[in-house]
Amino acid sequence: MAYRGRRGHPRFAARYRVNRGTLYTYRTRTHNICMVSDFFYPNMGGVESHIYQLSQCLIERGHKVIIVTHAYENRKGIRYLTNGLKVYYLPLKVMYNQSTATTLFHSLPLLRYIFVRERVTIIHSHSSFSAMAHDALFHAKTMGLQTVFTDHSLFGFADVSSVLTNKLLTVSLCDTNHIICVSFTSKENTVLRAALNPEIVSVIPNAVDPTDFTPDPFRRHDSIITIVVVSRLVYRKGTDLLSGIIPELCQKYPNLNFIIGGEGPKRIILEEVRERYQLHDRVRLLGALEHKDVRNVLVQGHIFLNTSLTEAFCMAIVEAASCGLQVVSTKVGGIPEVLPENLIILCEPSVKSLCEGLEKAISQLKSGTWPAPENIHNVVKTFYTWRNVAERTEKVYDRVAGEAVLPMDRRLDRLISHCGPVTGCIFALLAVFNFLFLIFLRWMTPDSVIDVAIDATGPKGAWTQQYPCNKRRGENNMMSKIR
Amino acid sequence: MVLKAFFPTCCTSADSGLLVGRWVPEQSSAVILAVVHFPFIPIQVKELLAQVQQTSQVGLAVLGTWCHRRQEPEESLGRFLEGLGAIFSHEPWLQLCREKGSKLWSCKATGWQAPTSPGAPSEDQVMIIFYDQRKVLLSQLHPPAALPDCQAGDAMASATGLAAIFDTVARSEVLFQSDRFDEGPVRLSHWQSEGVEASILVEVAKWASGPICLLLTYLLSLVSAASTCRFFNLWPLSFIWSKLSTCEQLRYRLEQLTFIFNPQKAENPSQLMRKANMFVSVLLDVALGLTLLSWLHGKDRIEQLADALVPVADRVAEELQHLLQWLMGAPAGLKMNRALDQVLGRFFLYHIHLWISYIHLMSPFIERILWHMGLSACLGLTVALSILSDIIALLTFHIYCFYVYGARLYCLKICGLSSLWRLFRGKKWNVLRQRVDSCSYDLDQLFIGTLLFTILVFLLPTTALYYLVFTLLRLLVVTVQGLIHLLVDLINSLPLYALGLRLCRPYRLAAGVKFRVLEHEAGRPLRLLMQINPLPYGRVVHIYRLPSCGCHPKHSWSSLCRKLFFGELIYPWRQRGDKQD
Amino acid sequence: MSAEPETQAEEIRWQKVLYERQPFPDNYVDQRFLEELRKNIHARKYRYWAVVFESSVVVQQLCSVCVFVVIWWYMDEGLLAPHWLFGTGLASSLVGYILFDLLDGGEGRRKSGRTRWADLKSALVFITFTYGFSPILKTLTESVSTDTIYAMSVFMLLGHLVFFDYGANAAIVSSTLSLNMAIFASVCLASRLPRSLHAFIMVSFAIQIFALWPMLQKKLKARTPRSYVGVTLLFAFSALAGLLSISVVGATLFALLLVSISCLCPFYLIRLQLFKENIHGPWDEAEIKEDLSRFLS
Amino acid sequence: MEEEQSFSDICGGRLALQRRYYSPSCREFCVSSPRLSLRSLTVVTCTVWLVAYGLFTLCENSMILSAAIFVTLLGLLGYLHFVKIDQETLLIIDSLGIQMTSSYASGKESTTFIEMGKVKDVIINEAIYMQKVIYYLCILLKDPVEPNEISQVVPVFQNAKPRLDCLIEVYRSCQEILAHQKATSTSP
């Protein structure tokens, strides 16, 4: 339609930059996609922004996208975001850090109602920490829909808890059509954890919006060197290492400051370090940051320090590099794949090695051998763009939409054969129960009774189409409605 | 915009004439108040309007003509009516007309440019809305649209929508004073208020009420002055007054009476309503009190009561003694520390002994006291009830004491245990950061802490049991008191007058209006009937309930349970009393 | 990207980076897939005798609990005069104190800045408080049934053994808690003794054996491992002997327990190392090697 | 003129929508749900009475039977008077206001009239209701102090929840009147 023609040219240009290969592969069909995850705005983090940006780009490419998440305290019901991106905040009980409690059944009625009324064809779940995402996969398979799963996190194999979680992941991914990982390391990890066929696992990195993260050299004082840390202050992000690094360096370099953005249980030890070494004027703890403020914090510093102990794909370092900072990071997980060697200094996850890395960075900074922020920004901004991510995800959808859905009996066989005798049988039984429950629900409220939702986005979306006057006013009111 | 003509139902059968009313331009509605019949002299009509206008600041005008065709229409009348428009020039000029069969109405609005699409016929642009003049006049909109104290002019401005209509009708009351039978220069037809004699009586009452009010206010001021004199505010007395619910009740009533009888008249209806409610509640209260009084002082019930009272108190004490004996044994096979048990038990037993002796000291006088108390019932049932609650409080003073001792002891134990438990786990409460930190204690600190911890743990059940029992007793007493206070507050705060009004004259308290579409055929203007939508009872109570003297519960059930668990004192008398609701 | 024919895949080598577009489909699987997979890189090789030596700490603690119980039983039976126990306890603690100082060589004092006067004071505090509270302790639990007391003290002693600081840095280890539980148990048991003097002496003995003795052990183990082994053996045998005088069955069971802990468990540990299969890779959560507590202490 | 159309509510039950156009400036929509069916009534009553009889046979106390009859009667009355709504009417009059009437099975009527001055707009909104996601028609009221803000949302046809097609019918003609209203009220 006209709207797509309008948008056509810039996207063609963009894709031409991406690679010559896909210039002539034009899209065939559009999908109705439902993103399911426990983690979405107002909650903040990598997963949330990933879902949001991906959805926006998919809408731009003419798909219909809705997002389903759980209610955040007074945020219940249905909201509309930019470009008519529709978000369902379902009233489900939150169990443990924003992940809902799962009984594997209680969310079926609502999810089924939504899938039916939105005419969803592809379920795309995010984050293996989110119980809701796994429920959605389960229910979608029961209803015979195509499913895609994006894994944002890494797991070890050492301790008991990870063994259990890996088993559960095996079950919930065993009949998922396609899995997306954010880095090659993450792919290896997921393939091992869920015992998957690597052919159905694609690697599509995250992206950052380079326009949000532009350098601003005048915001920082060159008399003193400032090290910026932006992360949640938890063990996995290596806050303990940070608490060791701060005193070491502050004693060695008098003109060195730290700016630490983020909130978390480990904030206490940072405060204790600050009190012990009298560093109140040199170590600033900013507390929790809005996503829009991150850039303003980043540009105040010269060096960005990332002390994570495990990372699938570290968005923070890309953002920092895009702001022209000098990145020093631990060499864990997928981090080595993210930036080329000339833009990042990789260290072992230990105070000693990190201190050495930082000193190296400081010396480079002093000697001025480090390129100017502008040049770094211009290099980095070509790496990861949401458009590209959306294109590649779209290919996954196209592929998935072609596949056939397993009938119930085949599904049960697969469950039993794939996830071990005991677990397999248990979950096969649960699947049967779920199916019976679904039949009961269909009997209670047949699909014919369920109204088809007026879709705001997508090819025939109310947002992009010219409706008769009064109609569209009503629609817009629906959008602007905040309750 | 559609032209709305508000037409009083009482004028539907009036003879032809001029329509007198107010034109509200901002919502293009014409409020017709009366019909001036033929024959008339235009000058006189204008005079009448002028004087009405300057008495009630309402922009009255001649809005148009009204012709009621009883017999065959004659052309002359029609043309004559046309002509009248020239005399009383008004934009728009309405021409309301009712055909023989009362169904057919027609209305023409000339000189009024409908700003809508010109294609639409003007008939559709006019809407006749019938309203009952009397009800609209007497009714009072909720919530009041116009601020009560502002001037007439801006009241007009501020009153929006239907409130403006109500306002207009209410203000032009003077227009309705003129009676049908008096031979004025102009004959009007509008709503007539019946029952002139009744209104005369009302006048007399009003006239008489002034001096009475003055007298009563004087007396009341004397009483209040006496109550505020130095002697009563000396320390112990003032403390006691603040504790006794009777005094609270009396003070409250005194305020109410002074409010009722202050001679300057209430300036807005809500205050008037408030006065009326207070008056009715006081009357009812006193009536109930008098009945109680007569019942009490009829055939020596006082004596019976007095004789009953002392044995009851004795009985309570006895029961308590038995309870304590039971506690000092092994109650319910609980493992109590014998030594501490004995100590506590003896302590409380001694209290009860003191108490019994005190009661017996009192016993000869109780009858007379009761008799005087009974007299107080003539001040009202509520006063009697609050006195009753005070008596209960006095008679169960020992229970209160026990409760306090138990609570203090228990609270001490709980605090000690909680802190020692932290020490036991090697933690400590950080006061600066308001959190529990880990802390490395010395060996001797640990040792002593643990020793004390052990001792407290083993002594806890004993105190806990005592605390539990006496708290239950206390709660029982408090519940009874609370129920009494509830009753008192109910009588104090129920808006009886408003409820009665709602029951008998539903239109007086209006929540709004509702419309009914009268049957209508094409080509004719739409006819609606405007009715008053009465206020629901719940809203009536909510709006008009008088402020109750009892202060409202400070804390919720959960916090109450917390306090009970941690042995904090839940303060007696009033707040606890209201906890019941 | 999926449009690329496979022919290009040979000459353009796939590399494991995300920042540049490669002519491979997103779900391309290279032969280098999972090449960084490692197994059992942290599997430590244990030497048998070293493990046995380490296990002696557990043995020590078990023995001290056993000794305590035995002594309590003797006093409960009236076979042991409280004065005698008090004297020996006092003497042994004096000896231990001197020994501790000799081993320590005073540098521990210099570090903590603790004077002898402070030691004396705390000793006095122990004595006086225990003595003062002993009558209360005596009457404390008389209404509580004996079985409850036994159950409670058994539970507490087990807790003491669980939470004791054996030198492993685990989350549950808390020396404070373990010590407190031991004292609690001792108070419970002491309140069962016939007279308040017994109670007083029992509690003070508990202090010696649960608070002071482990400190001395640590010193011994740090300074002279050989003598430490000797002391351990001696202690174990004395505990066994004491238990033997009460019940043969208990003694045998206890002996078996000690043997299994000190000999069989290490053996099994080393055997099971062979079956260990632990997957490692770049995705693992890196654990922090050096201890960061030095920055906070 | 009057026309009747039959729709279904969100649970699939039948609904009848009557539209009365009195004049271009005054319209009435009346959604009537099916009346109380005799079958269900008898079923409920019989079950209650059977239970009561069972209890009666257990403990020989005739109080139970009388109580059961009493309860059923009271329950029926209460149900008819407070719960069962037969008809919900939306009367919208240009430049005057919107009036919502819900008439109970017992004939009791509860009416609320909203002046046109207060009405900001009439919209269709989505909400999560029980285990469903439903559309409902609602009236937005202006905030008296801040005319661009919404002070309150009044749902229409709250009892009989019609489906989207029915709502759109009502919505369209409401919007026509509102548009006419806005056009005329702004121009002078």
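Side chains are part of it too, since the values below use all heavy atoms of this structure and drop only hydrogens, waters and symmetry mates. Predicted, not measured: the structure shown is a model, and the values here were computed from it.
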Please evaluate residues B/Leu443 and C/Leu212 with respect to the criterion side-chain contact (heavy atoms from CB on, under 4.5 Å), reporting the C-alpha separation (whole Å), side-chain torsions for both, the decisive distance (0.1 Å), and the verdict.
CA-CA 9 Å; B/Leu443 198 54; C/Leu212 307 178; 3.9 Å; yes

Option from C/Phe184, C/Phe133, C/Phe126 for which ring-ring contact (aromatic ring centres under 6.0 Å, His included) with B/Phe447 holds
C/Phe126

Atom pairs (donor, acceptor) spanning chain C and chain B, under 3.5 Å:
| residue | atom | partner | partner atom | Å |
| --- | --- | --- | --- | --- |
| C/Leu140 | O | B/Asn337 | ND2 | 3.4 |
| C/Glu142 | OE2 | B/Arg338 | NH1 | 2.9 |
| C/Ser143 | OG | B/Met336 | O | 2.8 |
| C/Asn180 | OD1 | B/Thr450 | OG1 | 2.8 |
| C/Asn180 | ND2 | B/Leu423 | O | 3.4 |
| C/Asn180 | ND2 | B/Phe424 | O | 2.7 |

In Å, rounded to the nearest 0.5 Å, how long is the span from CZ of B/Phe458 to CD1 of C/Ile136?
13.5 Å

Donor-acceptor contacts under 3.5 Å from residues 63-74 of chain C side chains, at least two apart:
| residue | atom | partner | partner atom | Å |
| --- | --- | --- | --- | --- |
| C/Ser64 | OG | C/Gln60 | O | 3.3 |
| C/Ser64 | OG | C/Gln61 | O | 2.7 |
| C/Trp72 | NE1 | C/Leu189 | O | 3.0 |
| C/Tyr74 | OH | C/Ser245 | OG | 2.4 |

Which answer fits C/Val187, side chain, backbone, both or neither, if we ask what part of it has an atom under 4.5 Å from a heavy atom of chain B?
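For C/Val187, the side chain is the part near chain B, not the backbone.
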
Chain C contact via B/Ile448 - which portion, at a heavy-atom distance below 4.5 Å:
side chain

Heavy-atom distance under 4.5 Å to chain C: side chain of B/Leu452, backbone, both or neither?
side chain

